[in-house]
S.K.: 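Handing you this structure, nothing more for now.
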Amino acid sequence: MTYQDILNQKISIDQLELIVIDLPQKGSFKSAIGIRKSRRAMLVKWTDKDGDTGYGECSCRPDPFYSSEFLKAALELTKDFIWPVAKAAESYQNLLDGLKKIRGWQFTKAAVEFALNDLLLRKTGKDLLSAWPYETIKDVPVGISLGLQENRAALEKAVKDAIALGYRRLKFKINPNSNPADFQWIQEQMPELYLSFDANGSFYEEDLALLGSFAEMDCMIEQPHPPSRADIALKGKQQIPQLFSCLDESVKSMGSLHLTYQVGLLDELNLKPGRVGGLKTSLEMLEFCREKTLPCWIGGMFETGIGRTANLRIASFLPNAKAHDLSPSHRYFLEDLIEDPIEMSKDGFVDASKLAAAKVNEAVVKKYEVERLILR
Ligand code: OSB
Ligand code: MG
């Protein structure tokens, strides 16, 4: 089956289950967005007329502080606007055409597309990814995203622990209260470690001087400015020529990918398949990055094993990525929702050759379930 065949084959739907889970985290995580202690997410379970099933994970946050999309509203949107589209869809392509009419709501639309793709993979052994005509790599390199730390000692400990665990890249959350001097020792002691920062859009015009001090460190800075403030981003690029900017929140669609690249704001792409609206768009973005030789890697939103598995499979199509924000299950959770938790080797790789459809542990899902809506 070719890629096109997958998009065109006949599909059906009997019911769509929206399952809200609240998965406890091992510890809290602080960024410019806020503090997080558990992972609240919506799982989408698609059951077709033969009783075959597939899962997708909606990885938007419970609040509108990363993007405008938030969990409660994702449920409403799915119930009122996605369900009718899914019910009427006769093919994968049909579903995408229907979803296209819904403006925004990328994470929510993506969850439904991923559920269908997962169903096809389980049912036929073929999905959009296995039909994607490019080579994959076996060992996917993994990086860690480290939250804002209370003080220098905590930061030192976080760095040492992450290095000891084998992570291939360390990404530090920063905000305008962060001090570049707190990070300089890392570069001095470990010159081979490439420094990355993530500001989650927290730097405004009055913070450009501080951003400049960070940029001087020869590092990558993810999403320096709010996604709605291209004006500040353009100024920042003008005033800080050495700024190497990786975009996350700003790239929500093919259109914003083209635009940010064209105007010179995009030096590297953090591709979150949910944020850009789904799997097919993600693959189009990989194609774009390949053509432009634009560095690209897969980002994370603290996904459970369901979302991580799908994201890892996409990451295996990026042979040149330094590392992805795809840390193993035990990094955030005491217990994951899948049968075989994602493991990372001592030198920071996840074996992607064995990845297929995630085996969902329904008992664990039940344990952490807080709400279930059945649409039929
Ligand atoms: O900005 O990359 C981000 C998590 C939630 C929301 C935004 C971001 C993140 C992360 C976590 O950095 C990365 C991960 O899932 O390991
Ligand atoms: Mg980010």
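Ligands are counted one by one from 1 in listed order, and the atoms in each one are counted from 1 as well. Every heavy atom of this structure was used, including side-chain atoms; hydrogens, water molecules and symmetry mates were not.
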S.K.: For atom 15 (O) of ligand 1, what is the closest protein heavy atom, and at what distance to 0.1 Å?
M.R.: Arg308 NH2, 2.4 Å
S.K.: Has ligand 1 got any nitrogen or oxygen that is less than 3.5 angstrom from a nitrogen or oxygen of Tyr332?
M.R.: yes
S.K.: What atoms in ligand 1 come closer than 4.0 Å to a heavy atom of Asp248?
M.R.: 1 (O), 2 (O), 3 (C)
S.K.: For the aromatic rings, using the six-membered ring if either is Trp, is the centroid distance between Tyr261 and Phe288 under 6.0 Å?
M.R.: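 So the answer is yes for these two rings.
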S.K.: Looking only at protein heavy atoms, identify the closest one to atom 9 (C) of ligand 1 and say how far it is in Å.
M.R.: Gly300 O, 3.4 Å
S.K.: Please check if any side-chain donor atom of Ser329 sits under 3.5 Å from a side-chain acceptor atom of Asp336, or the reverse.
M.R.: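 A donor-acceptor contact under 3.5 Å links the two side chains.
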S.K.: State, to 0.1 Å, how close Cys58 and Ala74 come at their nearest heavy-atom pair, and which atoms those are.
M.R.: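 Looking at all heavy atoms of both residues, the closest pair is SG-CB, 4.3 Å.
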S.K.: Going by the atom numbers of ligand 1, which of them fall below 4.0 Å from some non-hydrogen atom of Lys173?
M.R.: 1 (O), 2 (O), 3 (C), 8 (C), 9 (C), 10 (C), 12 (O)
S.K.: Considering all heavy atoms of both residues, which atom of Arg313 and which atom of Ser316 are nearest to each other, and what is their separation?
M.R.: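 Smallest interatomic distance, heavy atoms only, reads O-OG, 2.7 Å.
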S.K.: So, do Phe29 and Phe302 have ring centers that fall under 6.0 Å from each other?
M.R.: yes
S.K.: Run the contact test for Arg275 against ligand 1 with a 4.0 Å cut-off on heavy atoms, strictly below, and give the result.
M.R.: no
S.K.: Less than 3.5 Å apart, any donor N or O on the side chain of Ser250 or Gln223 sitting next to an acceptor on the other?
M.R.: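 Yes, a side-chain donor-acceptor pair sits under 3.5 Å.
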S.K.: State the atoms of ligand 1, each with its element, that fall below the 4.0 Å cut-off from a heavy-atom position in Asp198.
M.R.: 1 (O), 2 (O), 3 (C)
S.K.: Please could you name the atoms of ligand 1 that Glu222 approaches to less than 4.0 Å, counting only its heavy atoms?
M.R.: 1 (O), 2 (O)
S.K.: Take every heavy atom of Phe29, measure it against each atom of ligand 1, and state whether any distance is under 4.0 Å.
M.R.: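 No, that is not the case, since the closest heavy atom of the residue is not under 4.0 Å from the ligand.
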S.K.: Does only the side chain of Leu326 get under 4.0 Å from ligand 1, or the backbone, or both, or neither? Count heavy atoms.
M.R.: neither
S.K.: Between Ile144 and ligand 1, find which residue part has any heavy-atom pair under 4.0 Å and reply side chain, backbone, both or neither.
M.R.: neither
S.K.: So which atom in Ser245 and which in Asp267 form the shortest heavy-atom distance, rounded to 0.1 Å?
M.R.: N-OD2, 2.7 Å
S.K.: For Glu113 and Asn117, what are the C-alpha separation, side-chain angles and deciding distance, and is it a side-chain hydrogen bond (donor to acceptor under 3.5 Å, both in side chains)?
M.R.: CA-CA 6 Å; Glu113 182 189 345; Asn117 186 70; over 6 Å; no
S.K.: With a 4.0 Å cut-off on heavy atoms, does Gly299 reach ligand 1?
M.R.: no
S.K.: For atom 6 (C) of ligand 1, what is the closest protein heavy atom, and at what distance to 0.1 Å?
M.R.: Met301 SD, 3.4 Å
S.K.: List-wise, which protein N, O or S atoms are found short of 2.8 Å from the Mg ion (ligand 2)?
M.R.: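 The answer is Asp198 OD2, Glu222 OE2, Asp248 OD2.
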S.K.: Of the choices Gln223, Arg36, Arg39, Lys272, which has the non-hydrogen atom that lies closest to atom 2 (O) of ligand 1?
M.R.: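 Heavy atom nearest to atom 2 (O) of ligand 1 belongs to Lys272.
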S.K.: Under 4.0 Å, heavy atoms only, figure out whether ligand 1 is touched by the backbone of Ser31, its side chain, both or neither.
M.R.: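 Under 4.0 Å from ligand 1, Ser31 contributes no heavy atoms.
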S.K.: Between Asn200 and Glu249, does any side-chain donor sit less than 3.5 Å from a side-chain acceptor?
M.R.: yes
S.K.: Does any donor atom in the side chain of Thr304 or Glu57 lie under 3.5 Å from an acceptor atom in the other side chain?
M.R.: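 Side chains of Thr304 and Glu57: pair found under 3.5 Å.
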S.K.: Do Lys72 and Phe70 meet the cation-pi criteria used here (NZ or CZ under 6.0 Å from the six-membered ring centre, within 45° of the axis)?
M.R.: no
S.K.: Between Asp218 and Tyr194, what is the shortest heavy-atom contact and its length?
M.R.: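 So the minimum-distance heavy-atom pair works out to O-CE1, 4.0 Å.
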S.K.: Show me which atoms of ligand 1 lie under 4.0 Å from any heavy atom of Ser327.
M.R.: 16 (O)
S.K.: Run the numbers on Ser38 and Asp22 for side-chain hydrogen bond (donor to acceptor under 3.5 Å, both in side chains), then give the verdict.
M.R.: CA-CA 6 Å; Ser38 74; Asp22 195 1; 2.6 Å; yes
S.K.: Validate the cation-pi geometry between Arg169 and Trp297: distance from NZ or CZ to the six-membered ring centre under 6.0 Å, angle to the ring axis within 45°.
M.R.: yes
S.K.: Within a reach of under 6.0 Å around CZ of Phe81, are more than 12 heavy atoms found that belong to other residues, nucleotides or ligands?
M.R.: no
S.K.: Judged by non-hydrogen atoms, does Arg331 sit under 4.0 Å from ligand 1?
M.R.: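 For ligand 1, residue contact (heavy atoms, under 4.0 Å) with Arg331 is absent.
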S.K.: Heavy-atom distances under 4.0 Å are what count here, so tell me which part of Phe302 touches ligand 1: side chain, backbone, both or neither.
M.R.: both
S.K.: Hey, which atoms in ligand 1 end up nearer than 4.0 Å to a heavy atom of Asn200?
M.R.: 1 (O), 3 (C)
